[in-house]
Amino acid sequence: MKVFITKDALDPYKEILDYENTALPAGKHGGVVSFVGTMRDFNDGQDVNAMDLDYYPGMTERHIERVIQEASDEWDVMDALVVHRVGKMVPTDPIVLVAVWSAHRKDSFDACRYIINYLKESAPFWKCEVTTSGEKHWVEHNSEDPGAAARKGLKKSA
Amino acid sequence: MKVFITKDALDPYKEILDYENTALPAGKHGGVVSFVGTMRDFNDGQDVNAMDLDYYPGMTERHIERVIQEASDEWDVMDALVVHRVGKMVPTDPIVLVAVWSAHRKDSFDACRYIINYLKESAPFWKCEVTTSGEKHWVEHNSEDPGAAARKGLKKSA
Amino acid sequence: MDVKVRYFASLRDRMGKGDESVSFDKDTATVADLWSKVSSEPMPESILVAVNMEYTDSSHELKNGDEVAFFPPVTGG
Amino acid sequence: MDVKVRYFASLRDRMGKGDESVSFDKDTATVADLWSKVSSEPMPESILVAVNMEYTDSSHELKNGDEVAFFPPVTGG
């Protein structure tokens, strides 16, 4: 299992191949399911021309590793790789890669989906968007699923 | 949509990137889910050291295209790519790539899984395995799911 | 009436060829008629048939120029 | 007792810094006590808190050397 957060440009498929060649035994896994998320040029109907993604070094990795472990407890996962970009990025930049190797397709799909759902909804990242009009603002909630963090039972301070 | 069957070595992630750069508008898709299937060195407990995959040129592509269309009717699919290797191959060779682009993760996962399930269970391919003892034999049924073809309603001649 | 016949996988090995052309001296024939022209054995239960690349069955009426394929159950890729 | 405090995202902008060290002259203090030392405003309902990188709440009792982080709801990556 590897979780890697980087400010550098992300070459997702090179990451998959490099990891496969170094960490996985040859000829044993039936397949790999991957999700590669790319920065879009719009959000909530507004044009976006840049994003600055904040994270909590140490905590973010630890919580992602825990979710990979949850997925491995639930499904038959041979190995998993998460690479996430942070800092300044522009539309068409790859942001995130999740790859899950398994002997069974179904398990790869389920585990990969579980991990990316966590990353997109509940992982400790904070988006700051810069619109084409130059306006900069911290995203208040995840537009894809505003209720996700609450459902995951993250405690709010009273 | 593109379906491509080839006797040549398959470089799955290069195929994804080439297709993404030529066929997809930049900045519009939220992500891509891919499945890459690799030849394993065992099947049904027997060591396998080579496989020769037969197909029906024309029919195989047509039926895969139809299944991609079914997936696109069911889910919000922006584009999909299938590349399948045929002929002689050895363990660790990539055999198949399915990539599905969508604005929504859920749709990409569901459509990609639907397409690869079809390819693995019901698409017109025939496996001939060569074991390490040199024995060559046509696989009689798909060991992953022998009932799949019947369930898909393929008619048997009386 | 002429049709093109194709065989795949183990059936290709058994027939000793991948394809052949078959001529009928009548204007109508079914897939079953075609099978009895190409083989002396009864058509195996498990054999699948496609006409012009669409699955069908042995009662299918053939037309001149059809491509008929016989093959064992598919195994997937 | 000394703790390290970290702020993220919009809260970092609002606090004007990303981290600071805070000393207490007593041996026990809660996250709520810490907040009242670093801000004159009441702690916003929506602010999340983590101690040593684990989510917790404002009643959490701090220990010497703890790392306490305050941040707005996460947005995911």
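Since the structure is predicted, the reported quantities are computational estimates derived from the model, not experimental observations. Per chain, numbering begins at 1; letters A, B, ... match sequence-line order.
For the options B/Ser108, B/Cys112, B/Pro12, heavy-atom pairs under 4.5 Å to chain A are most numerous at B/Cys112.
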- Message: Under the criterion side-chain contact (heavy atoms from CB on, under 4.5 Å), I'd like the reasoning laid out for A/Phe35 against B/Val32: C-alpha separation, chi angles, the key distance, then a yes or no.
- Response: CA-CA 6 Å; A/Phe35 177 88; B/Val32 50; over 6 Å; no
- Message: Please evaluate residues A/Lys106 and B/Arg113 with respect to the criterion side-chain contact (heavy atoms from CB on, under 4.5 Å), reporting the C-alpha separation (whole Å), side-chain torsions for both, the decisive distance (0.1 Å), and the verdict.
- Response: CA-CA 8 Å; A/Lys106 187 186 174 307; B/Arg113 191 195 296 233; 3.7 Å; yes
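Neither the backbone nor the side chain of A/Ile95 comes within contact range of chain B; no heavy atom of the residue lies under 4.5 Å from a heavy atom of that chain. Residue B/Lys14 does not touch chain A at all, counting heavy-atom pairs closer than 4.5 Å.
Taking CG from A/Asn117 and CZ from B/Arg105, the interatomic distance works out to 4.5 Å, rounded to the nearest 0.5 Å. For the atom pair CG of B/Asn21 and OG1 of A/Thr92, the computed distance is 9.5 Å after rounding to the nearest 0.5 Å. The structure places OH of A/Tyr13 at 4.0 Å from CD1 of B/Ile16, a figure rounded to the nearest 0.5 Å.
Relative orientation of the A/Phe109 and B/Phe109 rings is perpendicular, given thresholds of 30° and 60° on the angle between their planes.
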